[in-house]
Amino acid sequence: MNTEGDDRTADRPAPAEPVAARQGSVVSRLEGDLDLDHADAARAVLGEALASPAGVVVVDLEAVRFCDSSGLNLLLQTRLTLQETGRRLRLAAVPAQVARLLEITGASEVFDLYAGVADAVEGC
């Protein structure tokens with residue numbers, strides 16, 4: 001919750017953009033901070049992608065400025081949910097801070113990482 005005087009989350013939009021279908025995949029774009037304060041908004045965006053019948057869900061992270069353990073947990077949960085139904089999660093345009101978090105936690109080993117959305121949807 002953002003309180004007056006708390007500049008930690010001030011002027012940082014909640015991650016949200018509609019899902020777009022591309023070549024047998026669905027692309028979901030997250031923006032701003034992927035953290036505890038914005039996890040519900042990000043969960044809603046990813047929920048739309050999960051509801052799609054597409055075999056591949058691409059999460060475009062290009063506009064994500066920050067990701068904490070809450071955001072990482074959400075991405076891991078999304079991956080597991082897709083895996084249970086034989087589908088895949090691909091992360092596209094991963095910013096340096098997020099890539100570092102994935103590397104430090106070992107999560108980079110379980111995600112399919114792509115330079116951009118076009119690369120991620122290729123071959124779907």
Side-chain angles (χ1 to χ4, degrees):
M1 185 161 91
N2 192 9
T3 59
E4 191 173 323
D6 180 2
D7 65 353
R8 194 170 43 109
T9 59
D11 197 33
R12 293 182 180 170
E17 187 166 301
V19 172
R22 297 183 186 179
Q23 299 179 3
S25 64
V26 63
V27 178
S28 184
R29 180 178 171 88
L30 297 179
E31 300 174 346
D33 292 346
L34 191 51
D35 60 7
L36 183 60
D37 291 333
H38 300 101
D40 289 339
R43 188 173 289 105
V45 171
L46 294 175
E48 290 181 39
L50 289 170
S52 163
V56 175
V57 172
V58 176
V59 178
D60 180 0
L61 298 173
E62 182 176 23
V64 170
R65 293 183 297 224
F66 175 76
C67 181
D68 69 5
S69 61
S70 300
L72 175 58
N73 190 39
L74 179 59
L75 293 173
L76 289 166
Q77 288 173 348
T78 301
R79 179 186 162 274
L80 288 175
T81 300
L82 288 167
Q83 232 179 3
E84 290 171 357
T85 58
R87 301 186 293 162
R88 297 192 61 98
L89 176 66
R90 295 178 178 180
L91 303 181
V94 180
Q97 186 273 324
V98 178
R100 181 74 176 133
L101 176 65
L102 295 175
E103 181 183 324
I104 289 170
T105 60
S108 60
E109 298 298 318
V110 300
F111 286 111
D112 295 327
L113 306 175
Y114 293 83
V117 172
D119 294 328
V121 300
E122 190 175 311
C124 290

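As the structure is a computational prediction, the values presented were derived from the model and not from experiment.
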Practice task
Give the minimum heavy-atom separation between Ala49 and Ser28, together with the two atoms involved.
Solution key: CB-CB, 4.2 Å
Completion exercise
Those residues at least two apart in sequence (or on a different chain) that pass side-chain contact (heavy atoms from CB on, under 4.5 Å) with Ala44 are none
Handout entry: Set of residues satisfying side-chain hydrogen bond (donor to acceptor under 3.5 Å, both in side chains) with respect to Asp112, sequence neighbours excluded
Key = Arg88
Handout entry: Heavy-atom pair of closest approach, residues Thr78 and Leu50
Key = CG2-CD2, 4.1 Å
Exercise for the section: Would you mind reporting whether Leu76 and Val110 have side-chain heavy atoms less than 4.5 Å apart? Expected result: yes
Problem - Under 3.5 Å donor-acceptor, Arg90 side chain and Val121 backbone - result: no
Fill in the blank from the handout: From the list Leu34, Asp35, Ile104, Thr105, side chain to side chain contact (heavy atoms under 4.5 Å, CB included) with Leu72 holds only for Thr105
Fill in the blank from the handout: In terms of heavy-atom contacts, Val26 and Ala54 come closest through N-CB, 3.8 Å
Handout entry: With Arg79 via side-chain hydrogen bond (donor to acceptor under 3.5 Å, both in side chains) - residues at least two apart
Key = none
Practice task
Would you kindly confirm whether Tyr114 and Leu61 end up in one hydrophobic cluster when ILVMFWY residues are joined by side chain heavy atoms under 4.5 Å apart?
Solution key: no
Handout entry: Residues which pass side-chain contact (heavy atoms from CB on, under 4.5 Å) with Ser70, listed by chain and number, not counting sequence neighbours
Key = Leu36, Asp68
Handout entry: Value rounded to 0.5 Å, distance of CG in Leu46 from CG in Leu75
Key = 6.5 Å
Problem - Leu30: which of Asp60, Val64, Leu91, Leu74 passes side chain to side chain contact (heavy atoms under 4.5 Å, CB included) - result: Val64
Identify all side-chain donor-acceptor contacts of residues 95-102 below 3.5 Å with residues at least two apart in sequence or on another chain.
from	atom 1	to	atom 2	distance (Å)
Gln97	OE1	Cys67	N	2.9
Gln97	NE2	Cys67	O	3.1
Arg100	NH1	Glu103	OE2	3.2

Practice task
Kindly write out the residues that satisfy side-chain contact (heavy atoms from CB on, under 4.5 Å) with Asn73, not counting sequence neighbours, or none if the list is empty.
Solution key: Gln77
